[in-house]
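Right, one structure below, let's go through it.
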2 protein chains.
Amino acid sequence: MSGKGTTIQEVARVAGVSTATVSRTLSNPDLVRDGTKKAVLAAVEKTGYRINRAAQNLRKQQAGAILVLLPDLGNPFFSQILSGIESVLTTSDLSVLITDASGIKQSQLVGYFQDTRADGIIILDGAIPHGVLKELIEVVPDNRAVFACEWKPDTKLPSIRSDNQGGAHQAVAHLVELGHRKIGHVLGPRGNVLTKERLTGFERAMLEFDIDINSNWLIDGGEFSLEAGAQAARQFIELDELPTAIFCAADLIAMGLISEFAKHGISVPNDVSVIGFDDIAIAYRFIPSLTTIRQNRIQLGVLAATTLMNSLSGRSMPAENNVQLVDVLLVERESTAPLS
Amino acid sequence: MSGKGTTIQEVARVAGVSTATVSRTLSNPDLVRDGTKKAVLAAVEKTGYRINRAAQNLRKQQAGAILVLLPDLGNPFFSQILSGIESVLTTSDLSVLITDASGIKQSQLVGYFQDTRADGIIILDGAIPHGVLKELIEVVPDNRAVFACEWKPDTKLPSIRSDNQGGAHQAVAHLVELGHRKIGHVLGPRGNVLTKERLTGFERAMLEFDIDINSNWLIDGGEFSLEAGAQAARQFIELDELPTAIFCAADLIAMGLISEFAKHGISVPNDVSVIGFDDIAIAYRFIPSLTTIRQNRIQLGVLAATTLMNSLSGRSMPAENNVQLVDVLLVERESTAPLS
DNA sequence: TTGTAAGCGTTATCAA
DNA sequence: TTGATAACGCTTACAA
C-alpha cells in the first residue's frame, strides 16, 4: 500500500518491459515510445514505486545533496535564504544539508565531500577560517561551491550578493531627501566584506551630495548585533553634537541603537532618524517600525542554488561573470522622518 | 592526496587482506585480530580512504539521514535545538536534513521516506496538519518519529518537551515573591498544546498562592509573536485597572507587550512587571532585559536525537515512558521588580 | 526503440 | 579469525 520496497524490477514486470526502459521513462522520457511510456507510468502508479536514492546515487556516483554552510543558525536573517535554496533544490530532487559553521571542525566539512555525502556547497559565511576554506577548495572542485551574501575577496568562487554599495547609497539618499545633512553611520564588524561595501556606498553618496563626513559620527559597531547598536548609541550620546540621522549597517544594530537612545530620552524619529539594512522579520514590528534597505533574501537563495546547480551540471559560468548582484529596496517606515 | 575515489578494495590490497576484513575493522573491530586491525588502519590512513555513503546506505538499506521538520525556519527559537540535534547525529554519522513545514506538501514529506532519503524524523511542529501526520505515520513506523517541544496529544509518538506547566508555575511564584498579587497572563495561540500547558501551570500556581484569577487579565494572544504582545497591551490599556505583573506565554509576546506599553507611557518594570517564556537570544539584550523562563533548547535537541537514534537501533522505549520532560529555569532580569 | 548485462562500493552470509 | 562471494537497486554501454 505504501509502496515500501517496490523496486524497478517490480515495475518492469508489471509493465511488461525491461528495467532499462523503466529507468529511461523516468529519467529520459524522450528516448521512449509513447505507448511504452504510458504503460510504465501506469505500472509506477499501480505499484507505488519510489526510486531508491542510495542505489541511484551509488550508480551515478553522486551524493544527491547540497551542503549549506551558515555562520549562525540562530540568526533570523538566513531563514528566507534557506527557503529560496530549498525551493530550487527540491525541484531537482536534491536534499539540503544544513550545517552551522560555528565550531565545525575542518575535517568534518571536508568529510562531507570525501565520503560522498554532498555534491556541492553553498557558503553563507564569509568569516569561514582561511585554513578551512583552503582545504575545502583543495578537495572540492571549483564548480561545486558558491558564496551567497558574504564572500571572500581572494577566491574565484562564484558569488551571489546584494548590491550592498547601492543599498547604502539609497539609504543616504533617502535621508538627504528628508532634509538631513548631519548624517552618521554605524559600521558592522571590522574587516567584514559587507561592512566595507556599505561604508563605501555611504562615502560615495555623501560625496555625491556634497556632505562632509564627520568622523565623530562614524562609529565602529564591531558586530551585526543589538548590543553593537546599543554600544554605538552610548558613544553618540557622549558627543557634543548628535547627527540628525544615522544609517546603520544592519537592522539589529539599528534596533539596539534606537532602544538605547530611548533609554536616554532620545526619541526616534523625533530627535534622530534611523535607517537599517536587511529588513529582517522583526523590523516592521519594532517600535518605531524600522525604515530599512530590504535584501531580497529569497532571490539570493534561489540564485545561489541555481548557480550551483548549473555548475554541477556542467553549464558553468565563465570565470569573469562570477559575481551576481541582487537589487535591494528602500522600505520607508516610521524610524525616519523629515528634518524638523 | 585527497583520497578521492579510494575504495575499500584499494585499502584491502594495501593492507594485504580481504575487503571483508577492512569492512569489519571499520564497523566491527572486535571481530578482528589486533595485528590485522593495525595493518588495516594503517592502510586506511595511507590511502586516505573514506567510505562511500551511497554504497553503504544501499547495502544496509538505510538513508543515513534524519529529517527535522520545523514550523518556521525563521523563528530563532529553534536554532539551538538544531545544534543539539546536530551534535548527536553527527557523531553517529547521520546527516541532518531540515525542512520547513510551512507550505510543505504532504506527498513531499512522505516521499522522504518512500525513496529512502530519511531514516527517521524529528517533528518540531505540533501544528502539522492532521492529514499529513496521519499519512506520515502510516508510512513511517512508530519507532522512526519523535516529537520535540510541541506534540500532538492524540498520537503515541515519543515526545521530548520542556516542563511547561512547571515553568509557568515558577513564573507566577517569582512574581508573587516580588509582592505581586494582581497578576495577568497573555496566552499563546488558541488550541496550541504549549498554550494549554502554560495556562494550566498559571492556574495551578494562582490557586496554590490563593489568588483569584481576574478574567479581564487573561488575554488571548493568538500567536507567539511580537504583534500578539502589542495587541494584548492595547487590550490591557483599555481596562479600568491594570495588573501589576504579567506572565506572557512567550518572549516575543512579552517584548511586543513591553514595546506597546512604552508607547503609551507605561514603563516596565516601574508600572508593570513582565515575565516571558523561552529565553530567546534577544531577551537579554532587550531593553529592559527580559526576565523569563529558560528552556534548555540544546538538551531538548540532544534528547530528541538520542531518543530517535535509540528507537532506530531497536533500543526503543516502552510505550508508557513516551514523554521526557526537560527542566526549565527562571532567569531574573530587569523586566520584573518588587511591587512598589 | 528496447533489452541484456555489467558494475557502482559496500556488507553479510557462509565456508574455511 | 579471515576470505570468497552474492546481493543491495539502479543506470548505461552495447547489442539487437
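Numbers restart at 1 for each chain; the letters A, B, ... are given by sequence-line order, proteins then strands.
When only modelled atom types and interatomic distance are considered, A/Q62 and A/T116 share no side-chain donor-acceptor pair under 3.5 Å. A donor-acceptor pair shorter than 3.5 Å can be found between the side chains of B/T307 and B/Q324. For the residue pair A/E10 and A/T47, no side-chain donor N or O sits within less than 3.5 Å of a side-chain acceptor on the partner.
Using a 4.0 Å cut-off between charged nitrogen and carboxylate oxygen, A/D30 and A/R24 do not count as a salt-bridge pair.
Checking the phosphate oxygens (OP1, OP2) of C/dT2, a side-chain nitrogen or oxygen of A/R33 falls inside 4.0 Å. Regarding contacts with the backbone of D/dG3, a side-chain N or O of B/T21 is found under 4.0 angstrom from either OP1 or OP2. For A/Q56 and D/dG9, the shortest distance from a side-chain N or O to OP1 or OP2 is not below 4.0 Å. Between C/dT11 and B/Q61, no contact under 4.0 Å exists linking OP1 or OP2 to a side-chain N or O. An OP1 or OP2 oxygen of D/dG9 is reached within less than 4.0 angstrom by no side-chain nitrogen or oxygen of A/T7.
Separating the NZ atom of A/K60 from the P atom of D/dG9 is a distance of 18 Å, rounded to the nearest angstrom. Here D/dC8 presents its P atom at 14 Å from CD1 of A/I8, a figure rounded to the nearest Å. Remark: C1' of D/dT12 and CG of A/N28 are 10 Å apart, rounded to the nearest angstrom. In this structure, the CG atom of B/L31 is 20 Å from the P atom of C/dA16, given to the nearest Å. Nucleotide C/dT10 holds its P atom 17 Å from the CG atom of A/N52, rounded to whole Å. To the nearest angstrom, P of D/dG9 lies 16 Å from CZ of A/R50. Atom CD in A/Q9 sits about 12 Å away from atom P in D/dA7, given to the nearest Å. B/N57 has its CG atom 13 Å from the P atom of D/dG9, to the nearest Å.
The base of D/dG3 sits within donor-acceptor range of the side chain of B/R24, with an N or O pair under 3.5 Å. For C/dG9, its base never sits under 3.5 Å from the side chain of B/R53 at any donor and acceptor pair.
The two residues A/F113 and A/V139 make their nearest non-hydrogen contact at CB-CG1, 4.2 Å.
For B/R59, the listed nucleotide lying nearest its side chain is C/dT11; candidates were D/dG3, C/dT11, D/dT12. Nearest to the side chain of B/V32, among C/dT4, D/dT2, C/dA12, sits D/dT2.
Of the two residues near DNA chain C, A/T19 and A/D30, the one whose nearest nucleotide lies more 5' is A/D30. Comparing B/L58 and B/A20 by the nucleotide of DNA chain D whose heavy atom lies nearest to each, the residue mapping closer to the 5' end is B/A20.
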